[in-house]
Amino acid sequence: MAKNVVIVGVQWGDEGKGKVVDILSEHTDIVVRYQGGNNAGHTVIIDHGKFILHLIPSGILHGNKICVIGNGTVLDPLVLIEEIDTLKKSGYLRDDSHLLISNEAHLIMPYHKKLDLLKERVKGNLKIGTTGRGIGPAYEDKVARNGLRCKDLLNEEVLRQKIKTNLIEKNHILKNIYHDHGFEVHEIYYKYTEYAERLKSYITDTSTFLNNAIDEGKNILFEGAQGTLLDIDHGTYPYVTSSNAVAGEAATGSGIGPTKIDTVVGIAKAYLTRVGEGPFPTEGMGEEGDRLREQGGEFGATTGRPRRCGWFDSVAARYAVKVNGIEGLVLTKLDVLDELDKIPICTAYEYNGGRLEIFPSDNFILGDCEPIYEFMDGWKTDTKGITTFDELPQNAKAYIGRIEELVGVNVIMISVGASRKAAIMIKNPFIDM
Ligand code: GDP
Ligand code: IMO
Ligand code: MG
């Protein structure tokens, strides 16, 4: 029976969603990105090398899958064109009909990128630590009903008019608030007509395409970007991204009904990382953290920034299970913990002298929470190359089991290395869930 599965980040992003989507793509016909933009960096390592995908779904490396960029995304057309070119050079996306871009997806414009950087600069200590890719300002324009959409690339007159109207306001802000020189209509118009030429064959009504595919009994995998704690509503506001990163957005951001989603799978690292500013109760591993950052390669796939590292937080994970409706958990990067003697797991927080079991998304409260740890024995064995659950060391099994107990959801896959092969599949969401 056909299945529609949503993949969602449980933590602050970079959980290894790209790798998991790549593995699960084998079992689906279509892969859809439904929110975010090129703030995302999804790494996939296969025999042909390492690919970091920012916009195109990670299923593209499977040759015969249809990849869809949904209406809930914001697209920087130049980044998308570069990504298409890189994939083509490596022998992927040979058939252009395998990539569909929603005509309702919003465009990131040059003034969005500039405003993102300038807004951060004036915030000083209160900055969010954005990726500087124009994501926030592009979503601001979407909600303000000023945005340009991919369909506007298909009509030169509409495109020019919308750029002109937007620049009246944007140049006023850029010049008078940020003392910047602003933009000329013709420079943006000229560039965007060139982009339109490159992208127009991919732009279509993807909602109708997906609904027809569902009627035909096709399997669909929805690839989330960012993570639950970066969600604009449910994350650690204001230290979040500007879109809904939770599973519910898979429906809104791709134009299908929520009743069509069969299951939601949450991706969680066996520890925790965060890029950018904002509270992070289990942060701080001392020297071990530096070692773990090196071993886990914890440097941003988009910006190269060192990621902040901390221990697994089951309070946050329980919260993510609730707001997403997660029915299965994928635990990634277990191998990064291989050498540790003791591994702390945060079971609850201490706040105001009391015990807090429920995640406070209010970032002032969260900032004052102290983690309460339980210490698990390490396994001190190399787990790389293990492909079955039975082969895992006993203490690794105990660590996984304790996470399942604390979070209340079964682990359905364990990742023990960056490559496609380094995974232990316990339950396949397309077959067993
Ligand atoms: P995403 O944004 O959720 O797709 O994750 P990123 O690609 O930004 O970050 C995850 C990083 O961890 C990438 O460099 C992956 O190659 C790597 N990775 C994924 N799974 C594993 C794993 O199980 N073990 C190790 N050592 N690395 C992994
Ligand atoms: P993937 O899909 C980790 C973070 C930024 C910043 C905040 C807001 O690879 O997991 P933005 O540019 O979105 O306005 O920045 O969100 N952020 C991510 N952190 N992984 C990501 O994506 C992220 N996308 C945005 O670091 O703190
Ligand atoms: Mg990433």
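Every number for a ligand or one of its atoms is a count from 1 in the order of the listing.
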Backbone or side chain, does any N or O of Asp14 fall under 3.5 Å from an N or O of ligand 2? yes

Going by the atom numbers of ligand 2, which of them fall below 4.0 Å from some non-hydrogen atom of Arg305? 5 (C), 26 (O)

Under a 4.0 Å N-O cut-off, is there an ion pair linking Asp180 with Lys175? no

Would you call Lys19-Asp22 a salt bridge at under 4.0 Å N-O? no

Would you list the pairs meeting salt bridge (Lys or Arg N to Asp or Glu O under 4.0 Å) in which at least one residue belongs to residues 26-54, sequence neighbours left out? Asp47-Lys421

Nearest-0.5 Å distance that lies between atom CD1 in Ile343 and atom CZ in Arg402: 14.0 Å

Please classify the Tyr239 to ligand 2 contact at 4.0 Å (heavy-atom distances, strictly less than): side chain, backbone, both or neither. neither

Just jot down the ligand 2 atoms closer than 4.0 angstrom to any heavy atom of Ala225, in number order. 2 (O)

Which residue in the set His42, Arg307, Lys269, Arg274 passes side-chain hydrogen bond (donor to acceptor under 3.5 Å, both in side chains) when paired with Asp14? Arg307

Is there at least one pair of N or O atoms, one from Asn39 and one from ligand 2, spaced under 3.5 Å apart? yes

Gly129 heavy atom under 4.0 Å from ligand 2: yes

Considering Ile128, Thr241, Ile267, Leu230 one by one, which has a heavy atom nearer to atom 17 (N) of ligand 2 than any of the others? Leu230

Does His42 have a heavy atom less than 4.0 Å from any atom of ligand 2? yes

May I ask you to identify, for Lys17, whether its side chain, its backbone, both or neither come under 4.0 Å of ligand 2 on a heavy-atom basis? side chain

Closer than 3.5 angstrom, by distance alone: can the side chain of Gln226 be matched with the main-chain N or O of Thr241 as a donor-acceptor pair? no

Looking only at atom types and distance, does a side-chain atom of Thr73 sit under 3.5 Å from a main-chain N or O of Gly70, one as donor and one as acceptor? yes

Examine Gly41 against ligand 2 and note whether any of their N/O atoms are separated by less than 3.5 Å. yes

If you define the side chain from C-beta out and look only at heavy atoms, does anything of Leu334 sit under 4.5 Å from Trp379? yes

Quick check on contacts: which atoms of ligand 2 are under 4.0 angstrom from a heavy atom of Gly276? 27 (O)

Any side-chain to backbone donor/acceptor pair from Glu15 onto Gly227? Under 3.5 Å, distance only. no

Is there any N or O on Val275 that sits under 3.5 Å from an N or O of ligand 2? yes

Under a 4.0 Å heavy-atom limit, does Arg274 contact ligand 2 with its side chain, its backbone, both, or neither? neither

For the backbone of Gly255 and the side chain of Tyr34, can you confirm whether one donor and one acceptor N or O come within less than 3.5 Å of each other? no

Side-chain ion pair, Glu298 and Lys333, N-O less than 4.0 Å: yes

Evaluate Ser242 for polar contact with ligand 2, using N/O atom pairs at a separation under 3.5 Å. no

Ligand-side contact atoms (ligand 2) for residue partner Ala40, heavy atom cut-off under 4.0 Å: 1 (P), 2 (O), 9 (O), 22 (O)

Applying the side-chain hydrogen bond (donor to acceptor under 3.5 Å, both in side chains) criterion to Tyr92, which one of His48, His62, His98 satisfies it? His48

Asp141 with Lys162: basic N within carboxylate O range, under 4.0 Å: no

Anything with a heavy atom under 4.0 Å from ligand 1 counts, so go ahead and list those protein residues by chain and number. Asp14, Glu15, Gly16, Lys17, Gly18, Lys19, Gly41, His42, Thr43, Ile45, Ala301, Arg307, Lys333, Asp335, Val336, Ser415, Val416, Gly417, Ala418

Could you check atom 12 (O) of ligand 2 against the protein and tell me its nearest heavy-atom contact, residue, atom and distance included? Thr131 OG1, 2.6 Å

Is the backbone N or O of Glu339 less than 3.5 Å from a side-chain atom of Lys380, with the two atoms forming a donor-acceptor pair by type? yes

Would you check the N or O atoms of Gln226, main chain and side chain alike, for any that come under 3.5 Å of an N or O of ligand 2? yes

Please verify the inter-ring angle class for Phe183 with Tyr111; under 30° counts as parallel, over 60° as perpendicular, anything in between as tilted. perpendicular

Given 3.5 Å as the limit, does a donor-acceptor pair link the side chain of Asn71 with the main chain of Glu104, or not? no

Salt-bridge test for Lys88 and Asp96: reply yes if a basic N is under 4.0 Å from a carboxylate O, no otherwise. yes

Counting no waters, how many protein N/O/S atoms sit under 2.8 Å from the Mg ion (ligand 3)? 2

Under the side chain to side chain donor-acceptor pair (under 3.5 Å) test, which residues partner Gln394, sequence neighbours left out? none

Considering the heavy atoms of Trp12, write down every atom of ligand 2 situated less than 4.0 Å from one of them. 3 (C), 19 (N)

Tell me which part of Thr130 gets within contact of ligand 2: side chain, backbone, both or neither, using heavy atoms under 4.0 Å. both

Is it the case that the side chain of Arg293 and the backbone of Phe299 share a donor-acceptor pair, with hydrogens and angles ignored and the cut-off at 3.5 Å? no

Which part of Val240 is near ligand 2, with near meaning a heavy atom under 4.0 Å away: side chain, backbone, both or neither? backbone

